[in-house]
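In this text the structure is predicted, and so the values were computed from the model without any measurement.
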Amino acid sequence: MFKHTKAFSGFSVDDLQKAKRFYQKTLGLEVEEGSMGILTLHIDGGSKIIVYPKPNHQPASFTVLNFPVADVEKTVDELTAKGVQFEQYDFGKMKTDKKGIVRGYGPTIAWFKDPAGNIMSVLNEGQ
(Lines give C-alpha, C1' and ligand atoms only; values in the text may rest on other atoms or scores of the structure.)
Protein backbone atom coordinates (compact mmCIF):
# COMPACT_ATOMS: atom_id res chain seq x y z
CA MET A 1 0.00 0.00 0.00
CA PHE A 2 2.74 2.53 0.89
CA LYS A 3 5.58 1.08 -1.17
CA HIS A 4 5.64 3.97 -3.63
CA THR A 5 4.75 6.89 -1.38
CA LYS A 6 7.22 9.61 -0.51
CA ALA A 7 6.92 9.39 3.25
CA PHE A 8 8.38 12.08 5.46
CA SER A 9 9.04 12.55 9.12
CA GLY A 10 8.15 15.33 11.48
CA PHE A 11 8.64 16.45 15.04
CA SER A 12 7.63 19.35 17.25
CA VAL A 13 9.50 22.28 18.78
CA ASP A 14 8.51 24.94 21.28
CA ASP A 15 9.99 27.93 19.39
CA LEU A 16 9.85 27.87 15.60
CA GLN A 17 12.19 30.83 15.05
CA LYS A 18 14.89 29.40 17.36
CA ALA A 19 14.55 26.09 15.51
CA LYS A 20 14.81 27.83 12.13
CA ARG A 21 18.02 29.64 13.14
CA PHE A 22 19.53 26.44 14.55
CA TYR A 23 18.77 24.25 11.55
CA GLN A 24 19.71 26.93 9.03
CA LYS A 25 22.67 28.69 10.63
CA THR A 26 24.18 26.07 12.94
CA LEU A 27 23.52 22.90 10.95
CA GLY A 28 23.58 24.51 7.49
CA LEU A 29 20.36 22.95 6.24
CA GLU A 30 18.05 24.45 3.66
CA VAL A 31 15.00 25.53 5.65
CA GLU A 32 11.71 26.63 4.14
CA GLU A 33 9.13 28.42 6.26
CA GLY A 34 5.70 27.43 5.05
CA SER A 35 2.16 28.40 5.67
CA MET A 36 0.43 27.18 8.80
CA GLY A 37 3.58 27.88 10.82
CA ILE A 38 5.71 24.91 9.87
CA LEU A 39 9.30 24.53 8.74
CA THR A 40 10.45 22.11 6.08
CA LEU A 41 14.03 20.89 6.31
CA HIS A 42 15.34 19.87 2.89
CA ILE A 43 17.82 17.01 3.04
CA ASP A 44 19.91 15.64 0.14
CA GLY A 45 18.15 13.01 -1.92
CA GLY A 46 14.85 14.87 -1.91
CA SER A 47 13.90 13.97 1.65
CA LYS A 48 11.93 16.46 3.68
CA ILE A 49 11.41 16.74 7.40
CA ILE A 50 8.58 18.79 8.87
CA VAL A 51 9.17 20.79 12.06
CA TYR A 52 6.06 22.20 13.64
CA PRO A 53 5.34 24.35 16.70
CA LYS A 54 3.49 22.76 19.58
CA PRO A 55 2.50 24.82 22.63
CA ASN A 56 2.83 21.85 25.02
CA HIS A 57 5.95 20.48 23.31
CA GLN A 58 7.82 17.72 25.10
CA PRO A 59 11.30 16.91 23.71
CA ALA A 60 11.68 13.49 22.17
CA SER A 61 13.50 11.08 24.49
CA PHE A 62 14.95 9.24 21.50
CA THR A 63 16.97 10.20 18.42
CA VAL A 64 14.64 11.92 15.95
CA LEU A 65 17.23 12.75 13.28
CA ASN A 66 20.54 11.10 12.32
CA PHE A 67 23.12 12.85 10.16
CA PRO A 68 25.60 10.49 8.46
CA VAL A 69 28.96 12.25 8.06
CA ALA A 70 32.38 11.30 6.71
CA ASP A 71 34.22 12.25 9.92
CA VAL A 72 32.34 12.30 13.23
CA GLU A 73 35.19 13.84 15.23
CA LYS A 74 35.66 16.70 12.75
CA THR A 75 31.90 17.34 12.67
CA VAL A 76 31.71 17.30 16.48
CA ASP A 77 34.59 19.81 16.62
CA GLU A 78 32.91 22.09 14.07
CA LEU A 79 29.53 21.97 15.82
CA THR A 80 31.13 22.47 19.23
CA ALA A 81 32.81 25.61 17.86
CA LYS A 82 29.31 26.83 16.91
CA GLY A 83 28.07 26.31 20.46
CA VAL A 84 26.48 22.86 20.16
CA GLN A 85 26.90 20.75 23.28
CA PHE A 86 27.20 16.99 22.89
CA GLU A 87 25.49 14.60 25.26
CA GLN A 88 27.38 12.42 27.70
CA TYR A 89 26.14 8.84 28.13
CA ASP A 90 27.39 5.87 30.11
CA PHE A 91 25.60 2.64 29.28
CA GLY A 92 28.32 0.29 30.50
CA LYS A 93 30.17 -0.86 27.37
CA MET A 94 28.75 2.03 25.39
CA LYS A 95 30.20 5.22 26.86
CA THR A 96 30.90 8.61 25.32
CA ASP A 97 34.36 10.12 25.51
CA LYS A 98 34.99 13.70 26.69
CA LYS A 99 33.85 15.05 23.30
CA GLY A 100 30.62 13.06 23.50
CA ILE A 101 31.62 10.42 20.92
CA VAL A 102 31.02 6.66 21.21
CA ARG A 103 33.65 4.61 19.40
CA GLY A 104 34.07 0.88 18.87
CA TYR A 105 30.54 -0.12 19.83
CA GLY A 106 28.62 -0.07 16.56
CA PRO A 107 29.02 3.05 14.43
CA THR A 108 31.06 5.98 15.71
CA ILE A 109 28.30 8.31 16.91
CA ALA A 110 27.67 11.46 18.95
CA TRP A 111 24.35 12.90 20.13
CA PHE A 112 23.25 16.51 20.60
CA LYS A 113 19.99 18.37 21.11
CA ASP A 114 18.23 21.05 19.12
CA PRO A 115 17.05 24.19 21.00
CA ALA A 116 13.76 22.41 21.81
CA GLY A 117 15.60 19.47 23.42
CA ASN A 118 15.01 16.94 20.61
CA ILE A 119 17.87 14.45 20.26
CA MET A 120 19.90 14.33 17.02
CA SER A 121 23.06 12.43 16.12
CA VAL A 122 26.05 12.51 13.82
CA LEU A 123 27.42 9.10 12.88
CA ASN A 124 29.97 7.70 10.43
CA GLU A 125 28.23 7.23 7.12
CA GLY A 126 29.92 3.98 6.13
CA GLN A 127 29.31 2.03 9.33
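- When all heavy atoms are compared, the tightest approach of Ala70 to Asn124 is O-OD1, 3.9 Å.
- Asp114 is listed as a side-chain neighbour of Phe11, based on a closest heavy-atom distance under 4.5 Å.
- Using a 4.5 Å cut-off on side-chain heavy atoms (C-beta onward), Asp14 and Lys54 make no contact.
- Scanning both residues, Leu16 and Val51, for their nearest heavy atoms gives CD1-O, 3.9 Å.
- At a threshold of 4.5 Å between side-chain heavy atoms, the hydrophobic network of Ile, Leu, Val, Met, Phe, Trp and Tyr places Phe91 and Ile101 in two separate groups.
- Linking ILVMFWY residues whenever their side-chain heavy atoms come closer than 4.5 Å, directly or via other members, leaves Leu79 and Val102 in distinct clusters.
- In this structure, Thr26 and Val84 have side chains that are in contact, with non-hydrogen atoms separated by less than 4.5 Å.
- The number of heavy-atom neighbours closer than 6.0 Å to NZ of Lys48, taken from other residues, nucleotides and ligands shown, is 12 or below.
- At distances below 3.5 Å, at least one donor-acceptor pair connects side-chain atoms of Thr5 with backbone N or O atoms of Phe2.
- Although no hydrogens or angles enter the test, the distance criterion places a donor-acceptor pair under 3.5 Å between the side chain of Asp90 and the main chain of Gly92.
- Judged by distance alone, the side chain of Ser47 and the main-chain N or O of Ile43 form no donor-acceptor pair under 3.5 Å.
- In this structure a side-chain-to-backbone donor-acceptor pair under 3.5 Å is present from Gln88 to Asp97.
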Val13 and Asn118: CA distance, side-chain angles, deciding distance, side chain to side chain contact (heavy atoms under 4.5 Å, CB included) verdict: CA-CA 8 Å; Val13 296; Asn118 295 308; 3.9 Å; yes
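- Counting heavy atoms from C-beta on, the side chains of Val69 and Val72 come closer than 4.5 Å.
- Cluster annotation: Tyr52 is not connected to Phe62 through the hydrophobic network of ILVMFWY side chains, with a link wherever side-chain heavy atoms come within less than 4.5 Å.
- The CZ atom of Phe22 lies 13.0 Å from the CG atom of Leu39; values are rounded to the nearest 0.5 Å.
- Checking Glu32 against Gln24 by side-chain atom types alone, no donor-acceptor pair falls below 3.5 Å.
- For the pair Thr40/Val31, no side-chain contact is recorded, criterion being any heavy-atom separation below 4.5 Å from C-beta on.
- Taking the side chain as every heavy atom from C-beta outward, Val122 and Phe112 approach each other to under 4.5 Å.
- Taking OG1 of Thr75 as the reference point, atom CZ of Phe86 lies at 8.0 Å (rounded to 0.5 Å).
- Look at Asp77 and Lys99 and you find a salt bridge, because one of the NZ, NE, NH1 or NH2 atoms lies within 4.0 Å of a carboxylate O, short of that distance.
- In this structure, Leu65 is not a member of the same hydrophobic cluster as Ile38, with clusters built from ILVMFWY side-chain heavy atoms closer than 4.5 Å.
- One finds the CG atom of Leu27 at 7.5 Å from the NZ atom of Lys82 (value rounded to the nearest 0.5 Å).
- Leu123 and Val64 are members of different hydrophobic clusters when ILVMFWY side chains are connected at heavy-atom separations under 4.5 Å.
- Using a distance-only test at 3.5 Å, with no hydrogens or angles considered, no donor-acceptor pair links the side chain of Asn66 to the main chain of Ser121.
- Looking at His57, its side chain does come within 3.5 Å of a backbone N or O of Ser12 through a donor-acceptor pair.
- In terms of heavy atoms, Pro53 sits closest to Gly37 at CD-O, 2.7 Å.
- Around the CG atom of Asp44, the shell of radius 6.0 Å holds no more than 12 heavy atoms that belong to other residues, nucleotides or ligands.
- Annotation: the span from Ile109 atom CD1 to Arg103 atom CZ amounts to 12.5 Å, rounded to 0.5 Å.
- Glu87 CD: more than 12 foreign heavy atoms inside a 6.0 Å radius.
- Considering CZ of Arg21 and CG of Asp15, their distance stands at 6.5 Å, rounded to 0.5 Å.
- Below 30°, between 30° and 60°, or above 60°: for Tyr89 and Trp111 the angle between ring planes is above 60°, a perpendicular geometry.
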field: Step-by-step side chain to side chain contact (heavy atoms under 4.5 Å, CB included) determination, Ile49 to Phe8
entry: CA-CA 6 Å; Ile49 299 156; Phe8 61 91; over 6 Å; no
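- One finds the OG atom of Ser9 at 9.5 Å from the CD1 atom of Ile50 (value rounded to the nearest 0.5 Å).
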